[in-house]
Each structure stands twice: as C-alpha cells, then as structure tokens.
Amino acid sequence: MLVVDAANRIVALNERAARLFGHAAEEVAGTPVDAVLALPDAAGAAGPSAPGEDPGTPVECTARTATGDDIPVEATLGPAPGGHTAIALRDLRRRKRDEAALREAGQRFQRVFADGPVAMALVGDDYRFAEVNEAFCRLTGYEAAELTRLSFTDITHPADRDMDLRLARDVFGGESEGYTLDKRYVRKDGEVIWISLTVSVIRDDQGRPLKGMGLVQDITERRQALERARTELDRLARRWAPRPRKPKTTSPRS
C-alpha cells in the first residue's frame, strides 16, 4: 500500500510495498510515483479515476524495482484523507506464472489432441460430441462436423448403450472420476468395430463436471484373435475329450 499526493509524489508506503520495490521506505517517500510504478495513466494516481472509469477498479501495471526488474502488479486506486490517493498493490508474478503454465499445458494438449495418433473426443453433459480429433474421425468414418451433431450413443452398438450410459451418468453426476470399457462402435459405413474406451472428467473452477474426455483404441483385431483362439480351444477340447465307453455285452450261458 502507498499513498500519493496531488502532485503524484509518494507521501507514505508500508513495509510490504518497500520490499516489493526493493528500496527502504525512506528512499521511496517523496519520489514521483512513476519512478516505481508504471500506471496506465500516471496522472490519474493523484485523484479520482478518469471519466468513464469506476473508482477502485483494479488495473494491471508494472512495478519498477531497485534492481531494474519489472514486476507485474495489480493496482487499485481509492481516495485517502487530505485529498490524497491510496494505491493498493498486489504482486501478480505467481498468477502470471500459473497462467503461462496453463497456457503452455493447454497448447501442448491441443497439439496432442489435434495431431496425435490416439483417437480422442470431448463429450458434453448432453452426451453430444463437443470436439473430436482427426484420429477419431478416421476410426468412426465420420467427418468432425457430422460427429458434433451426434451423441456417443448414436455410434454405440445397441447392445452396449445401457452400460455406457450408466457409467457416463455416474461421471457427470459427480459419482465417478472416470471409467474404462470395452464396447462396440458402429462406423458410418455400418461396420462394427470393437474399441477400448477410457473416460476421464474435465471440471470447471468450482469442481463441477464440465466435459468427459474419451481416449479410444481400436481393439477389433485383438478381439477377433481372442475369438479365434477360443474357437480353436473349443475344437481341441472336443477332439481330445474322452469318448464314452461302450457298455460290454455278455452272451447268455447255454
């Protein structure tokens, strides 16, 4: 916190503000505010906000430190006794780092989502596809624009819909963090394929389920191989199964 007079000079500041600027408080007192703080409109620091602006509206600006570093801060201006202006400062470095990390993570996710080899889809709480990647389109045979007009039940095999819907309701109802399920899709051309679906939940700032993210792997060949193996095992079991013995017959004594 610092206090500025009508001439835009700092008349008082607290210890936290002094530490932020990297000066002793007595070194900063009496200096022009723009020596340590780059407000969007330095003239506005000496009194009420400019016309059209709400008093007390926070603005982002830069604090200039003794070492020459610029620190992003949020400044909130308000009236102080004696016609002075009080300026409350909040250090934004952590928030800026967090925002940059989130942007970077979002960009990485978007690159993986859009260009990755794994079929991925985002589904809203109405079970409609909100976004799909190219790999998902290749898997299902639909264009992205077509899929966003459909729900996941529209491309799910009828025999697998009830189980998938029950699990999805648990996710969007907050009762589950996600699920994994082997089920069948019906492609646009009518071909039935087996897929392994892993669903996780994306939440909003209040922790409410926002979207479900599905990772989809085509396991048709694996299922066909397992079915062939079962068929062969059944055949071998029948072939080598012990044959029932015929009952012995005895001729009557004469």
Side-chain angles (χ1 to χ4, degrees), residues 102 105-242 244:
L102 284 173
Q107 290 166 357
R108 286 199 305 267
F109 171 78
Q110 193 59 40
R111 288 195 297 269
V112 171
F113 185 91
D115 304 325
V118 178
M120 302 173 68
L122 294 177
V123 174
D125 57 7
D126 58 357
Y127 306 143
R128 290 184 177 273
F129 292 108
E131 192 173 351
V132 296
N133 68 356
E134 184 60 32
F136 192 86
C137 292
R138 290 194 301 269
L139 180 71
T140 61
Y142 287 93
E143 297 291 334
E146 293 176 308
L147 285 166
T148 55
R149 294 193 293 268
L150 302 175
S151 70
F152 70 78
T153 58
D154 292 325
I155 66 170
T156 297
H157 192 279
D160 300 330
R161 286 174 187 165
D162 288 345
M163 174 64 74
D164 205 4
L165 272 171
R166 182 180 64 78
L167 294 171
R169 289 191 189 103
D170 289 345
V171 167
F172 284 106
E175 300 173 15
S176 170
E177 292 297 322
Y179 61 91
T180 298
L181 174 69
D182 287 359
K183 68 169 190 174
R184 286 159 289 184
Y185 275 159
V186 181
R187 286 171 43 90
K188 185 179 179 180
D189 59 10
E191 179 187 0
V192 176
I193 61 173
W194 277 95
I195 59 105
S196 176
L197 172 66
T198 300
V199 174
S200 57
V201 63
I202 298 175
R203 300 181 182 276
D204 62 16
D205 293 340
Q206 284 72 46
R208 295 186 295 263
L210 188 62
K211 283 185 174 63
M213 183 177 72
L215 304 180
V216 182
Q217 181 184 6
D218 187 347
I219 59 170
T220 303
E221 291 185 2
R222 184 197 309 171
R223 296 285 300 209
Q224 290 173 344
L226 286 172
E227 189 59 35
R228 288 193 297 269
R230 290 194 190 99
T231 301
E232 181 63 14
L233 286 173
D234 289 343
R235 187 186 68 81
L236 291 173
R238 289 193 301 270
R239 177 179 178 182
W240 297 104

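Everything numeric here is computed off the predicted structure, so don't read it as measured data.
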Legend entry - Check: R184 side chain, V192 main-chain N or O, donor-acceptor pair, under 3.5 Å: no
Inset, instruction - Could you tell me whether the side chain of N133 and the main chain of M120 form a donor-acceptor pair under 3.5 Å? - result: yes
Which residues satisfy the side-chain contact (heavy atoms from CB on, under 4.5 Å) test with [X], sequence neighbours excluded?
X: D154; value: L150, S151
X: D162; value: none
X: A225; value: R228
X: A145; value: R149

Shortest non-hydrogen contact from [X] to [Y]?
X: A119; Y: L139; result: CB-CD2, 4.1 Å
X: A144; Y: C137; result: N-SG, 3.5 Å
X: A135; Y: P117; result: CB-O, 3.6 Å

Only counting residues at least two apart or in another chain, list the ones meeting salt bridge (Lys or Arg N to Asp or Glu O under 4.0 Å) with [X].
X: D126; result: none
X: K183; result: D164
X: E177; result: R203
X: R128; result: none

Distance (rounded to the nearest 0.5 Å) between [X] [atom1] and [Y] [atom2]:
X: F136; Y: I155; atom1: CZ; atom2: CD1; value: 4.0 Å
X: R222; Y: D182; atom1: CZ; atom2: CG; value: 7.0 Å
X: R169; Y: Y127; atom1: CZ; atom2: OH; value: 5.0 Å

Inset, instruction - Would you sort out whether V201 and F172 count as a side-chain contact (heavy atoms from CB on, under 4.5 Å), showing the intermediate values? - result: CA-CA 8 Å; V201 63; F172 284 106; 5.7 Å; no
Inset, instruction - Carefully, step by step, assess D160 and Y185 under the rule side-chain contact (heavy atoms from CB on, under 4.5 Å). - result: CA-CA 9 Å; D160 300 330; Y185 275 159; over 6 Å; no
Legend entry - Stepwise side-chain contact (heavy atoms from CB on, under 4.5 Å) check, V199 with V123: CA-CA 10 Å; V199 174; V123 174; over 6 Å; no
Legend entry - Beyond-backbone contact of V132 with T140, side-chain heavy atoms, under 4.5 angstrom: no
Legend entry - Test ring pair (Phe, Tyr, Trp, His ring centres under 6.0 Å) applied to Y142 - qualifying residues, sequence neighbours left out: none
Inset, instruction - Return the set of residues passing side chain to side chain donor-acceptor pair (under 3.5 Å) with E134 (not counting sequence neighbours), or none when no residue passes. - result: none
Show me the side-chain donor-acceptor pairs of residues 211-221 shorter than 3.5 Å, one per line, residues at least two apart or across chains.
unit_1: D218; atom_1: OD1; unit_2: T220; atom_2: N; d: 2.9
unit_1: D218; atom_1: OD1; unit_2: T220; atom_2: OG1; d: 2.7
unit_1: T220; atom_1: OG1; unit_2: W194; atom_2: N; d: 3.0
unit_1: T220; atom_1: OG1; unit_2: W194; atom_2: O; d: 3.3

